[in-house]
Amino acid sequence: MHAIQATREKRIRVSEEEKRLIDQVILPPESTRTSLAQALGVSPAWITKTITPLIERNLITEIGPAAGSGGRRAKILGINPAVGFLIGVDFGATSLDVALSGPDINLAGQKSLPINIDAGPEICLKAFHELTDALLQEHDLCREDIRGIGMGVPGPVDFAKGRVISPPIMPGWDDFPLPEAIMEQFPNSFVLVDNDVNLMALGALRQGRAHDAENTLFIKVGSGIGGGIVCGGRVYRGASGCAGDIGHIIVQRNGPLCRCGNRGCVEALAGGMAIAQQAMSLAKSGESPLLAEALQQKGGALSAVDVGAAAAQGDVRALQLIDTSGKYVGEMLTHLVSFYNPDVILIGGGVSKIGHRFLNAIRQVVLKSASPLATRDLRIEYSSLGDQAGIMGALSLAQQNLFYVG
Ligand SMILES: [Zn+2]
């Protein structure tokens with residue numbers, strides 16, 4: 001049985017109309033009865049008829065008066081906090097973030113630990129429990145108070161089953177029953193697992209700049225490169241859940257060897273790992289004095305962010321490295337723009353901390369090479385959620401799935 005189906009007993013059953021209303025209530029900005037009627041294109045009578053049973057069931061509540069609502073004060077509506085708490089989990093290759101929130105997904109607390117995802121699921125889940133227990137203790141809660149858990153992992157996920165499938169960097173995680181293992185410890189909660197970049201796209205869609213953008217690409221440039229696709233306001237996962245695996249689009253024939261076995265993949269040229277390797281050779285050869293200095297100070301390893309710092313001080317080779325990396329990402333995106341015609345492309349992940357020159361290099365190539373109609377209204381920006389995109393996406397996934405139509 002699919003994990004999503006298996007967890008229905010842990011979720012809250014509502015009608016189709018009620019779900020439509022709830023999905024609107026949970027979106028920013030804050031909703032009133034009037035704003036809901038406008039957003040959904042329905043009559044005030046429809047709102048009253050649909051919302052009354054939800055208020056009676058303690059699922060929706062009036063959380064306060066709307067600002068400037070005048071005479072008969074309009075009330076801001078929200079999910080009733082009594083519904084329970086949510087946990088968002090963001091597993092990275094080297095770090096773990098866990099956040100606790102109410103059903104409104106405003107953060108109550110967040111904790112992080114360095115981990116090594118290669119250590120396998122048992123050890124990584126221990127770190128997850130350590131952080132979660134600490135958060136629960138701080139807020140005087142117990143595991144039974146948690147109603148939903150959303151989790152992102154840095155690998156391909158069969159979303160319906162919540163299983164990691166043949167991940168390139170996560171030995172021991174293949175087909176591991178993550179939702180089942182976690183649900184054993186959280187008896188009142190469902191657990192949904194998704195690929196980290198899909199969750200970044202979801203986080204950006206729900207909270208960030210892509211909120212009003214129906215068709216968004218979220219590009220994570222971390223050690224590797226991945227993409228999350230928002231289509232018609234929803235995360236698009238594809239037939240097998242691996243849509244957006246864009247890091248291995250080839251942008252240079254006979255280019256450097258990629259970990260996938262092909263040559264010239266965009267990830268092998270412009271991913272964080274590739275940028276760091278090129279920075280190391282520029283430092284060791286002395287071609288970049290500032291990177292050489294940084295390497296000496298750090299004693300061993302450089303990252304893309306060091307390249308950004310050297311470039312900010314005018315280091316010629318660091319500037320060139322950023323321009324070329326941006327150019328390769330831009331070339332890959334040109335193909336995606338022609339194929340998908342997005343409203344917005346959001347760039348996130350560690351390499352986005354390298355500075356605005358990288359973004360400008362990407363923009364230049366896309367605007368020059370993609371078709372004028374596809375780029376006329378296209379925005380290419382860094383994600384405004386920064387490091388929080390994954391965790392906000394994980395909480396959003398839990399929030400969206402608290403309620404199901406049945
Ligand atoms: Zn590759």
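Start at 1 and go down the list; that is how both ligands and their atoms are numbered.
For Ile63, the CD1 atom is densely surrounded, since the number of other residues' heavy atoms within 6.0 Å is greater than 12.
Each ring-ring contact (aromatic ring centres under 6.0 Å, His included) pair with one or both residues in residues 103-144, not counting sequence neighbours, would appear here, but there are none.
Asp145 contributes a side-chain N or O that, together with a main-chain N or O of Cys142, makes up a donor-acceptor pair within less than 3.5 Å. For the pair Glu381 (side chain) and Leu346 (backbone), a donor-acceptor distance under 3.5 Å is absent.
Distances shorter than 2.8 Å separate the Zn ion (ligand 1) from the protein N/O/S atoms His248 ND1, Cys258 SG, Cys260 SG, Cys265 SG.
Checked for salt-bridge contact, Arg143 and Glu184 miss the test: no charged N lies under 4.0 Å from a carboxylate O.
Using a 3.5 Å distance cut-off with no hydrogens or angles, the side chains of Asn106 and Ser101 do not pair a donor with an acceptor.
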